[in-house]
Novice: 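Provided herewith is a single structure, encoded as structure tokens, for subsequent inquiry.
All heavy atoms count here, side chains included; hydrogens, waters and symmetry mates do not. Numbered from 1 within each chain, the chains take letters A, B, ... in sequence-line order.
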Protein chains: 2
Amino acid sequence: MGEVGNAGLLVRKVASVAHLSAEERAALERLPMSIRSIPARQDIVRVGDRPSQCCLVLAGFAFRYKLIGEGRRQILNFHVPGDIPDLQSLHLPVIDHNLAALTPLTAGFIRHDAVHEVSARFPRITGALWRNTLVDAAILRERVVSIGQRDGLSRTAHFLCEMAKRLVAVDLAPGLVLPMPITQVEIADALGLSPVHVNRMVRELRERRLIALDGQRLEILDWDALARLGDFDATFLHLQADERPRLP
Amino acid sequence: MGEVGNAGLLVRKVASVAHLSAEERAALERLPMSIRSIPARQDIVRVGDRPSQCCLVLAGFAFRYKLIGEGRRQILNFHVPGDIPDLQSLHLPVIDHNLAALTPLTAGFIRHDAVHEVSARFPRITGALWRNTLVDAAILRERVVSIGQRDGLSRTAHFLCEMAKRLVAVDLAPGLVLPMPITQVEIADALGLSPVHVNRMVRELRERRLIALDGQRLEILDWDALARLGDFDATFLHLQADERPRLP
DNA sequence: CGCTGGGTTGATGGAGCTCAAGGCCAGTGG
DNA sequence: CCACTGGCCTTGAGCTCCATCAACCCAGCG
């Protein structure tokens, strides 16, 4: 239940995709943001809500999902620090899916009207935020391709490559060792596979010496082979130059 | 190779989602738009392109797709008159998927700089366009859910419901009879099923007296049953009041 | 020290893929 | 007028990937 807080990450993320001016960055920094800690697995926003704020992930992972009849769940995306998972609520008032903390989460909440106001004064901030939602959509497109066309092994490899790139982009991956606090059940729900099958696919990737994965930590042992297997091409992440430091 | 042309549809579509003022509508109408006819199956924009304009569908259907190794294709979405399939290119300069005409197409091309200019003068137009891209993302989310969680029959039913609602929203569906110039192969590539299986699913829906479908024309015989089978809830389309005239 | 949440493994079956062939129809050209 | 062609739809048969069911293991924890 925090106070106006550190918007550094917001600036870093938003600014990096649009090369904003110092004045624009300052305006972002000044956005009032209330910081809250949220326990793992707790919902933040639910289907049908009409939130008046949006949520910046500061530390920990979040995820978005939809439930359908008979206890099935589709995870739409995972979110890492720097993401604003529900930015779309700025212009789609009724939320059509759930947002929850995956790990214990530190999140900053920013009121819509504050965003609208900054956005009105600085059109390039509007563009940067808009772009953010467009990248989210691009990730979804690639997810559709994965689930629709790739087999289990390739799909799993692709997913790990995607998470790796995204974590590297926010400097959370020292070398090719990544925090990956995602259970196999959650990976399964994200990839449209059964947990049992995900387990087998992970085992296969391990046996091929492509990865080491233990539920908290993913180490990529052979990036090239993993990317080839997953048919991974990072174009869809639309990373800017300053967002792709490492990784081939 | 047309001239400055009829932007009525643009206004109708964009304005309907944001209740724009007369002045704002007029600004949209004045956007220079060059009209072109495009033969069926021809690409309009390709992966890697950096278009300087975006494309408003005036008549006919378009679709977006990605190709992956070994001749597999995932269709991401179909587009009906009123849609602006590549609006995202406004802020994501490099195109990450292909856009093609499904049927013979009439499309209006509007230069990015013209859009940016109008958008700078009228923040609510920005909002309306942004919202457009967000609805596109919402449709993608629901597609992920379909492909990831629903079986073939339910997936097919859901897809037909979605297309029906979208066509009704642009007044292209007199009663529950819809133009549906989509081959079964294309439906298959959109739903992540094989063409053979789509054929069987369509047959099943026909035998259950839920639909009549002949490759040009879909008639929905029992909306309630079809929606129930497809687990269809139109919330994700984020239709405004003036976009949902008919259908229960 | 029992419990719980996650991971792991085996066995079985089914939804959906692939391969293959044939039918229907519209368009085309002789 | 009719043979021919190419799309598209349709149907059958066999097979495979992956879901499901059912254990069991292990570590952390109250």
Side-chain angles (χ1 to χ4, degrees), chain A residues 39-42 61 63 68-75 100-104 146-160 180-207 211-218 229, chain B residues 39-42 61 63 68 70-75 101-104 146-160 180-207 211-218 229:
Chain A
R41 267 74 192 183
Q42 186 169 101
F61 282 40
F63 70 109
I68 73 168
E70 298 329 303
R72 302 189 68 90
R73 171 179 70 165
Q74 176 67 43
I75 292 183
L102 182 68
T103 64
S146 248
I147 301 180
Q149 303 298 332
R150 297 194 244 264
D151 66 21
L153 192 61
S154 172
R155 212 182 291 181
T156 308
H158 189 280
F159 171 73
L160 296 176
M180 186 69 67
I182 308 181
T183 68
Q184 293 184 356
V185 172
E186 286 148 356
I187 297 178
D189 282 350
L191 300 185
L193 296 171
S194 72
V196 172
H197 202 61
V198 166
N199 184 279
R200 295 195 226 273
M201 297 302 99
V202 168
R203 182 192 359 167
E204 172 84 20
L205 295 176
R206 250 197 295 258
E207 282 170 358
I211 63 165
L213 175 65
D214 75 352
Q216 285 301 316
R217 198 180 137 282
L218 165 69
L229 183 60
Chain B
R41 267 76 195 182
Q42 185 170 100
F61 281 41
F63 70 109
I68 72 169
E70 298 329 303
R72 302 188 67 89
R73 171 179 72 163
Q74 177 67 43
I75 292 183
L102 182 68
T103 64
S146 249
I147 301 180
Q149 303 297 331
R150 298 194 243 264
D151 65 23
L153 192 62
S154 173
R155 212 182 292 182
T156 309
H158 189 280
F159 170 73
L160 296 176
M180 186 69 69
I182 308 180
T183 68
Q184 293 185 357
V185 172
E186 286 147 357
I187 297 178
D189 283 349
L191 300 185
L193 296 171
S194 72
V196 172
H197 202 59
V198 166
N199 184 278
R200 294 195 226 275
M201 297 303 99
V202 168
R203 186 202 342 177
E204 171 83 19
L205 294 176
R206 249 195 296 258
E207 282 170 358
I211 63 165
L213 175 64
D214 75 352
Q216 285 299 317
R217 197 178 137 284
L218 165 68
L229 183 60

Novice: So, does B/R203 get its side chain near the phosphate of D/dT10, meaning an N or O under 4.0 Å from OP1 or OP2?
Specialist: no
Novice: Within this structure, what is the CG-to-P distance between A/L191 and D/dA19, rounded to whole angstrom?
Specialist: 10 Å
Novice: Given C/dG7, D/dT11, C/dC17, which nucleotide is nearest the side-chain atoms of B/H197?
Specialist: C/dC17
Novice: Is the backbone N or O of B/R73 less than 3.5 Å from a side-chain atom of A/Q149, with the two atoms forming a donor-acceptor pair by type?
Specialist: yes
Novice: Nearest whole angstrom, please: distance from the P of D/dC18 to the CG of A/N199.
Specialist: 15 Å
Novice: Does B/Q74 reach the main-chain N or O of B/A190 with its side chain, forming a donor-acceptor pair under 3.5 Å?
Specialist: yes
Novice: Grab the CG-P distance between B/D214 and C/dG23 for me, whole Å please.
Specialist: 22 Å
Novice: Do the side chain of A/S146 and the main chain of A/R155 share a donor and acceptor less than 3.5 angstrom apart?
Specialist: no
Novice: Whole angstroms only, please: what is the CZ-C1' distance between B/R150 and C/dA15?
Specialist: 17 Å
Novice: Within the 4.0 Å heavy-atom criterion, would you say A/T183 contacts the bases, only the backbone, or no part of the nucleic acid?
Specialist: sugar-phosphate
Novice: Round to the nearest Å and state the distance from B/Q216 atom CD to D/dG7 atom P.
Specialist: 16 Å
Novice: Between B/V196 and B/R41, which has a closest nucleotide on DNA chain D that is more 5'?
Specialist: B/R41
Novice: Apply side chain to side chain contact (heavy atoms under 4.5 Å, CB included) to A/H158 and A/L229, showing your working.
Specialist: CA-CA 8 Å; A/H158 189 280; A/L229 183 60; over 6 Å; no
Novice: Could you tell me whether the phosphate oxygens of C/dG7, OP1 or OP2, come under 4.0 Å of any side-chain nitrogen or oxygen in A/R206?
Specialist: no
Novice: Using whole Å, what does the distance between atom P of nucleotide D/dC18 and atom CE of A/M201 come to?
Specialist: 6 Å
Novice: Tell me: CG of B/L193 to P of C/dT18, nearest whole Å?
Specialist: 11 Å
Novice: Tell me: CG of A/D151 to C1' of C/dC17, nearest whole Å?
Specialist: 13 Å
